[in-house]
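This report concerns only the one structure given below.
Residues: numbered from 1 along the sequence shown. Numbering of ligands and ligand atoms starts at 1, following listing order.
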Amino acid sequence: MIKKLAITGGTHGNEYTGVYLVKKWKLKPELITRSNFETICLHTNEQAIKEVRRYIDHDLNRSFGSVDLKNETLETHEAKLAKHLNAHLGPKGSEETNVDFIVDLHTTTANMGLSIVVSNDSVLTWKAIAYLCQVEPLLRVYRWQGDEEGSFVDSMSPHGFAIEVGAVPQGVLRADLFLQTEALIYHLLDFFEKYNNSETFTFSNRLEIYDHEILVDYPRDKEGDITAMVHQERQDKDFLALKTGDPLFLTLSGDVFRYEGETLYALFINEAAYYEKGFAMCLARKKYITIET
Ligand SMILES: [Zn+2]
């Protein structure tokens with residue numbers, strides 16, 4: 001039984017789909033109201049939204065590590081914000097969190113379509129994902145296990161994930177992706193209403209996912225400047241196989257860097273926000289997992 005769910009938007013202030021969906025639902029809360037649990041929606045980084053920036057001091061969606069949340073000496077905007085949000089929605093790791101499930105809304109400049117980024121391994125989280133994959137066959141699931149401990153916004157609650165949609169530029173609204181994200185949220189809320197009513201689900205327990213393997217950085221010079229761009233044949237090919245010999249990067253002088261390694265799947269290809277993080281794409285392994293139904 002879940003009692004309270006939070007939909008968060010504007011964790012990155014320049015990702016407008018979530019920002020404007022939350023604005024819409026604040027005006028029409030009946031759209032996210034279901035009969036047997038409470039749903040709240042909120043902007044997580046108001047200042048970044050106001051300034052149409054990803055963040056003020058550092059990435060809010062990497063600010064929920066348990067050690068950082070307990071560190072009273074951290075004075076950055078996002079560190080203080082994370083503590084405030086954790087008191088409101090968490091506290092992370094406690095037996096009695098204020099919300100049971102967090103769905104955090106993001107967009108990407110990469111051609112990710114409609115996707116879920118999940119680092120939570122709770123049975124309920126995966127049940128919800130399996131349900132969504134059944135009602136929305138275009139939905140793809142990327143499991144992020146690159147950190148020892150999740151420090152994402154959704155890690156404050158025992159269950160949850162992030163939604164990533166793209167491609168859309170930063171600070172831009174695209175109606176098609178807006179509507180797809182909105183529909184997915186309504187399906188998620190419907191799932192919890194059924195779950196709370198102990199309805200039986202008939203979805204498959206075999207789920208196709210993309211499991212994180214490697215972060216690939218751009219070729220760089222000694223100063224750290226990139227010396228190549230994503231190759232034109234790799235651009236927009238998110239969730240497609242990357243095989244040995246496939247072109248990966250194109251240098252300014254026209255040289256081609258080719259991929260060498262086992263066949264993996266490239267995601268978040270050429271995401272604008274990741275230039276500073278030091279990666280050009282993520283490589284994932286496509287696999288099937290069995291979930292409890
Ligand atoms: Zn984001």
Side-chain angles (χ1 to χ4, degrees), residues 6-25 41-65 68 76-79 81-82 85-86 89 101-120 129 139-147 150-157 160-174 176-178 180-182 184-185 188 210 212 215 238-239 266-282 284:
I7 306 167
T8 52
T11 294
H12 295 135
N14 56 9
E15 295 178 1
Y16 269 4
T17 302
V19 171
Y20 281 85
L21 276 169
V22 168
K23 280 184 201 254
K24 173 172 180 167
W25 292 323
C41 66
L42 65 150
H43 286 148
T44 37
N45 199 341
E46 294 280 8
Q47 190 60 33
I49 294 167
K50 213 162 133 188
E51 298 185 25
V52 198
R53 287 165 61 176
R54 184 172 173 87
Y55 53 76
I56 304 302
D57 291 322
H58 55 82
D59 194 338
L60 179 62
N61 205 29
R62 304 290 185 277
S63 302
F64 294 88
D68 286 349
T76 59
H77 175 75
E78 276 77 15
L81 194 53
L85 288 163
N86 190 44
L89 303 176
F101 195 102
I102 295 174
V103 52
D104 192 30
L105 303 178
H106 292 260
T107 61
T108 167
T109 64
N111 188 28
M112 292 281 284
L114 189 56
S115 55
I116 281 175
V117 178
V118 57
S119 51
N120 190 307
I129 291 171
L139 182 64
R140 293 189 190 92
V141 181
Y142 171 42
R143 180 162 68 177
W144 168 258
Q145 296 173 309
D147 303 309
S151 55
F152 296 146
V153 165
D154 63 80
S155 72
M156 283 185 283
S157 62
F161 52 72
I163 293 176
E164 283 279 3
V165 293
V168 60
Q170 297 172 341
V172 169
L173 268 176
R174 263 184 71 143
D176 53 352
L177 297 179
F178 183 95
Q180 284 178 38
T181 309
E182 184 179 15
L184 198 65
I185 290 294
L188 181 67
Y210 294 81
H212 176 76
L215 295 173
D238 300 76
F239 292 106
L267 284 73
F268 285 110
I269 298 167
N270 206 8
E271 157 60 42
Y274 294 166
Y275 278 69
E276 66 171 23
K277 284 188 191 290
F279 50 92
M281 65 191 74
C282 310

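Using a 4.0 Å cut-off between charged side-chain N and carboxylate O, Arg140 and Asp238 make no salt bridge. Salt-bridge check for Arg54 with Glu15: passed, with a basic side-chain N closer than 4.0 Å to an acidic carboxylate O.
For the Zn ion (ligand 1), the N/O/S atoms of Glu15 include one lying under 2.8 Å.
Between Phe239 and Tyr210, the two ring planes are perpendicular [angle over 60°; tilted spans 30° to 60°].
Within His12, the N, O or S atom lying nearest to the Zn ion (ligand 1) carries the name ND1. Taking the Zn ion (ligand 1) as reference, the nearest N/O/S atom within His106 carries the name ND1.
Remark: Lys23 qualifies as a cation-pi partner of Tyr20 under the 6.0 Å distance and 45° angle criteria applied to the six-membered ring.
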